[in-house]
Amino acid sequence: MAQRTEIDGGAVDELHRTFRGDIYRPDDPGYDELRRVWNGSIDRHPAIIARCTGAADIRAALRLARSQDLLVAVRGGGHSFPGLSVCDGGMVIDLGAMKGIRVDPSEGTVRVQAGVLLGELDRATQEFGLAVPSGIVTHTGMAGLTLGGGIGWVMRKYGLTIDQLLSVDLITADGELVRASQEQNADLFWGVRGGGGNFGIVTEFEFRLNPVGPYVMAGPVFWPMENAPEVLRFYRDWIAHAPDELMTIAVQRRAPALPIVPPDLVGKHVVAIVACYTGPVEDGERVLRPLKEFGSPVLDFCRPKPYLEHQMMFDPSFPHGWSYYVRSCDVAALTDDVIDVAVEHGSSISSPVTSVAMWQMGGAVGRIDDSDTAFNGRRAGFTFNINGNSKTADNFDAEREWARNYWSALAPHHTGVYVNFLMEEGEERIRQAYGAAKYDRLKTLKRKYDPTNVFTLNQNIKPD
Ligand code: FAD
């Protein structure tokens, strides 16, 4: 699609006549706040931001964008690492005001509009002791997270976010409002479960709910980084037979300045195993005892707590506005070689806000047939998320370099990558994320639903 930055004033006036939401141009109050996304290293200036209230607004905005050949960015929670939901010139179709959530406890389902954040959905569903599997930072958007797959604390018990997805309502590039589910437009339903925003704008998601909490046995246990070789080896062997209820993430970082961290530990290099047991708290206490008793932890904050509180645990480590860079890969297992790389590079973390997360995969995620959804990482053993972060632009280059080096050192062990953890890394990496067969199937789908690539600002599947 051609890209222009000048918009015909008459066309904008026309949009104003029917639009129920708010429209922002660069000189309007509020524009600067709305153009910002979570990653503070992204600084783009769209020509127009259409903050939609529903499907009618989205259709009207899309009509204007197409008639003016504008680049289109679609924004859910604004959390994509590379800033895919904002553009220079062009139009941002901002869904952030679409906050409707309708929980149906008797049916065990919930309908969620596209602007809902993870924490907002958890709050609504936990009222009934229920949850949708989602991610680990509550200000992430449900929309982008779901469309990429969705990994988080309860996935080993209930699968990915997409494994509990029942249907989506979606507006295609032509402005048609369609439903996709196992019964309707099944090809599209396959594609939106991992294929990102390539096929249209989802207005609403419908999920199945499952019991979670409201109390879980969860939290981090910390050891000094010097102990990381034996901690990570113990951890690997210990989780080899973990029940589905147990989900863990191994974290490397410098101990953060948080109220729970003793002042003499702040800034020291540490390795932590963060756990969440999605089942009775007493069972969680029993299952987690060997971890808590291994070696000499410098801090043990793993205890019974509300699921809602655990979901927020990482929020202070990833606030809006810092500069963020991520490199990610899946590996089959935490072999001794992988652990050696992790220990070497984790020990040289410089920024106090840089961190590495090694996600334990498996459980229910791995038992679903790989061909059922576009998501491609079901057989991964671990997903590495290497975050080179900086509070300001200063030193950000060094953090990025550090993240790239860590990732490159793991290259002999890479088995794939989760599409939601990609930066803008080019077509070959997107192909790697899906694997050749799924990538070709996604291309066929793209040709059907978006042949001119209107939805290009995503991990893009090119139609040609
Ligand atoms: P946005 O930037 O708004 O959108 C991301 C992409 O999705 C863009 O291409 C956008 O166009 C498209 N999109 C958004 N809404 C729609 C829609 N309604 N219809 C069509 N396309 C749409 N992922 C996990 O799986 N688990 C985690 O625990 C997790 N933790 C994270 C923590 C942090 C701090 C960050 C930054 C990311 C995390 N992620 C996680 C990755 C996250 O899933 C992706 O960044 C996701 O894209 C964020 O969605 P969003 O709606 O907030 O982002």
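One-based numbering, in listed order, for ligands and for the atoms of each.
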Nearest-neighbour protein heavy atom for [atom], which is reported as residue plus atom name and distance:
atom	value
atom 31 (C) of ligand 1	Thr140 OG1, 4.0 Å
atom 4 (O) of ligand 1	Ser85 CB, 4.1 Å
atom 37 (C) of ligand 1	Phe81 CE1, 3.4 Å
atom 22 (C) of ligand 1	Leu147 CD1, 3.7 Å
atom 10 (C) of ligand 1	Val74 O, 3.0 Å
atom 24 (C) of ligand 1	Leu145 CD1, 3.2 Å

*Which heavy atom in Val353 sits nearest to a heavy atom in Arg253, and how many Å separate them?*
CA-NH2, 4.0 Å
*Which heavy atom of Ala11 sits nearest a heavy atom of Leu64, and at what distance?*
CB-CD1, 3.3 Å
Does the separation of the ring centres of [X] and [Y] fall below 6.0 angstrom?
X	Y	answer
Tyr324	Trp38	yes
Tyr434	Phe375	no
Tyr307	Trp153	no

*Check the angle between the aromatic planes of His79 and His139 and answer parallel, tilted or perpendicular using the 30° and 60° thresholds.*
tilted
Numbered atoms and elements of ligand 1 in range of [X], under 4.0 angstrom, heavy atoms:
X	answer
Ala114	18 (N)
Gly197	20 (C), 21 (N)
Ile151	24 (C), 25 (O), 26 (N), 27 (C), 28 (O)
Ile201	19 (N), 20 (C)

What about [X]: any of its N or O atoms under 3.5 Å from an N or O on ligand 1?
X	result
Trp359	no
Val202	yes
Phe421	no
Ser134	no
Leu95	no
Gly77	yes

Tell me which one of [options] gets a heavy atom nearest to [atom].
atom	options	value
atom 5 (C) of ligand 1	Ala357, Gly135, Gly115, Ser80	Ser80
atom 36 (C) of ligand 1	His79, Met155, Arg75, Met142	His79
atom 3 (O) of ligand 1	Gly76, Gly150, Gly141, Ala73	Gly76
atom 8 (C) of ligand 1	Ile58, Val326, Leu84	Leu84
atom 1 (P) of ligand 1	Cys52, Gly78, Gly144, Gly96	Gly78
atom 20 (C) of ligand 1	Gly200, Pro319, Gly196, Ala143	Gly200

*asked:* To the nearest 0.5 Å, what is the distance between CZ on Phe396 and OG on Ser390?
replied: 7.0 Å
*With distance as the sole test, does Asp57 use its side chain to make a donor-acceptor pair with the main-chain N or O of Thr53 at under 3.5 Å?*
yes
*Could you check if a side-chain atom of Asp370 sits within less than 4.5 angstrom of a side-chain atom of Lys438, using non-hydrogen atoms only?*
yes
*Any Glu120 side-chain heavy atom under 4.5 Å of Val112 side chain*: no
*Any side-chain donor-acceptor pair under 3.5 Å between Asn453 and Lys462?*
no
*Identify, with sequence neighbours excluded, every residue that meets ring pair (Phe, Tyr, Trp, His ring centres under 6.0 Å) alongside Trp402.*
Tyr406
_Under the salt bridge (Lys or Arg N to Asp or Glu O under 4.0 Å) definition, can you give me all pairs with a residue in residues 355-368, not counting sequence neighbours?_
Asp244-Arg367
